[in-house]
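Let me begin by presenting the structure, written as structure tokens, before commenting on it.
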Amino acid sequence: MADTPAEEMVHYIAPKGEFISFVDDEDYTSKGLEWKLFTARTVKRELLYKSGSYQGKVKLAGYEQYGNGLDTVIVEFENGMLSCINPSYLKEMQSANFGKELLSGPVSDVTSISSETKTEKEASMTKPSNPLSEDHPKKEKTKSKKATAKPKLDLPAEKVHFTAIIKEFTAKMNHFTGEEDEVILLSEVKVTTEPELAIGDAWCGYSKTLKKAELEEGDQIEFDGKVVDKKYNKEIRYKVNNPSKLVKQVEA
């Protein structure tokens with residue numbers, strides 16, 4: 001099958017000869033946890049690979065190991081091609097926000113656009129300023145931002161009851177400890193205590209108490225907790241603190 005134009009944008013870096021294959025499933029899981037590509041609860045056999053406008057699935061084929069203790073992961077694409085990649089970079093690709101702020105296209109295109117932008121800025125500095133022509137577009141831009149901004153929710157101050165769906169088990173960097181904490185991403189979060197409030201997406205810590213509940217992605221749950229304005233990322237603004245009295249809802 002011929003590669004699609006998007007696949008042609010992938011820059012393959014072939015392994016340098018022989019590489020280390022995984023001995024067994026235990027070895028696979030151990031290395032994946034070491035590289036923080038998944039959690040012990042959600043061992044993944046396929047990972048996302050993103051480059052420009054291309055997004056596809058890859059499998060971990062093995063790794064190369066160097067004397068400085070650093071590993072280079074070998075991934076296998078759906079077309080059978082092998083490529084080397086830094087495990088930290090592959091981990092970043094698993095984030096939903098990865099690449100959203102990048103221009104779609106090859107690196108050369110990005111460099112070209114950056115140069116053109118710089119030239120345009122330099123040219124604009126030599127032109128005489130026109131307050132009437134400049135102020136109007138700025139005002140329109142400000143109005144556009146205000147129109148798309150999500151209003152801040154009036155959160156309950158006390159502990160309340162929630163319903164939600166387990167969306168994903170992932171991790172978040174703790175800048176105080178320098179390590180990553182396991183967290184759960186939630187969707188369709190709703191306060192069911194009066195007055196009811198639709199939160200939408202939220203997140204919470206994956207505590208020992210929650211691990212005992214043996215949760216899985218897609219589980220519908222209800223629990224008590226306190227919601228606070230603490231971002232996970234630009235899209236997930238709210239966090240649920242100290243979830244307790246958790247119950248998994250069973251579909252009829």
Side-chain angles (χ1 to χ4, degrees), residues 29 32-48 50 88 90-101 145-252:
T29 302
L33 292 174
E34 179 184 331
W35 298 324
K36 299 179 180 178
L37 297 175
F38 44 71
T39 66
R41 184 66 181 166
T42 56
V43 177
K44 298 180 179 179
R45 296 296 172 180
E46 292 184 326
L47 300 168
L48 293 176
K50 304 173 185 178
S88 297
L90 181 59
K91 175 183 176 295
E92 290 180 16
M93 289 184 179
Q94 308 316 302
S95 169
N97 291 325
F98 181 88
K100 284 189 175 181
E101 296 180 358
K145 285 185 177 180
K146 289 182 179 179
T148 57
K150 293 182 180 179
K152 183 177 179 180
L153 298 177
D154 186 11
L155 303 176
E158 304 298 327
K159 203 169 187 179
V160 291
H161 195 69
F162 295 87
T163 59
I165 297 176
I166 301 294
K167 183 178 181 180
E168 182 182 349
F169 296 90
T170 183
K172 180 176 174 63
M173 176 59 69
N174 186 324
H175 297 288
F176 292 100
T177 63
E179 298 179 353
E180 289 189 325
D181 295 334
E182 290 183 282
V183 301
I184 301 177
L185 302 187
L186 305 168
S187 64
E188 299 182 32
V189 181
K190 182 179 180 181
V191 176
T192 58
T193 307
E194 293 293 339
E196 294 186 353
L197 177 66
I199 302 294
D201 291 336
W203 66 288
C204 68
Y206 192 17
S207 64
K208 292 181 179 179
T209 302
L210 294 183
K211 288 180 180 179
K212 290 179 182 178
E214 298 183 350
L215 300 170
E216 295 181 0
E217 293 179 3
D219 281 348
Q220 297 182 16
I221 58 174
E222 57 179 285
F223 55 91
D224 291 343
K226 183 177 180 181
V227 61
V228 296
D229 190 348
K230 186 174 182 180
K231 292 182 180 179
Y232 173 77
N233 56 27
K234 292 181 180 179
E235 297 178 351
I236 303 178
R237 177 170 182 168
Y238 301 105
K239 179 186 179 185
V240 178
N241 282 338
N242 305 318
S244 61
K245 300 179 180 180
L246 187 144
V247 178
K248 286 196 282 188
Q249 297 177 351
V250 180
E251 294 183 2

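- Contact between Val240 and Ala202 at its shortest, heavy atoms only, is CG2-CB, 4.5 Å.
- A cation-pi arrangement is found for Lys172 relative to Trp203, the charged atom lying closer than 6.0 Å to the ring centre and inside a 45° cone about the ring normal.
- Heavy atoms of other residues, nucleotides or ligands lying less than 6.0 angstrom from NZ of Lys190 number 12 at most.
- When every heavy atom of His161 is checked against every heavy atom of Thr193, the shortest pair comes out as N-OG1, 2.9 Å.
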Let me see the working for Ser244 and Lys159 under side chain to side chain donor-acceptor pair (under 3.5 Å), right down to the final yes or no.
CA-CA 10 Å; Ser244 61; Lys159 203 169 187 179; 3.2 Å; yes

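- Under a 3.5 Å cut-off, the side chain of Lys248 and the backbone N or O of Glu214 do form a donor-acceptor pair.
- For Glu92, the CD atom counts as densely surrounded, since its 6.0 Å shell holds more than 12 non-hydrogen atoms of other residues, nucleotides or ligands.
- The closest side-chain heavy-atom distance from Leu210 to Leu246 is below 4.5 Å.
- Using a 3.5 Å distance cut-off with no hydrogens or angles, the side chains of Lys36 and Ser88 do not pair a donor with an acceptor.
- Nearest approach of Phe38 to Thr29, heavy atoms of both residues: CE1-O, 3.8 Å.
- Figure legend: cation-pi geometry between Lys230 and Tyr238 absent, as NZ or CZ is not positioned both under 6.0 Å from the six-membered ring centre and within 45° of its axis.
- At most 12 heavy atoms of other shown residues, nucleotides or ligands fall within 6.0 angstrom of atom NZ in Lys167.
- In this structure, Ile199 and Leu155 have side chains that are in contact, with non-hydrogen atoms separated by less than 4.5 Å.
- Other residues, nucleotides and ligands contribute at most 12 non-hydrogen atoms within 6.0 Å of the CG atom of Asp154.
- The residues Glu182 and Lys211 are annotated as salt-bridged, a charged nitrogen and a carboxylate oxygen being separated by less than 4.0 angstrom.
- Side-chain atoms of Phe223 and Leu186, non-hydrogen and from C-beta on, do get closer than 4.5 Å to each other.
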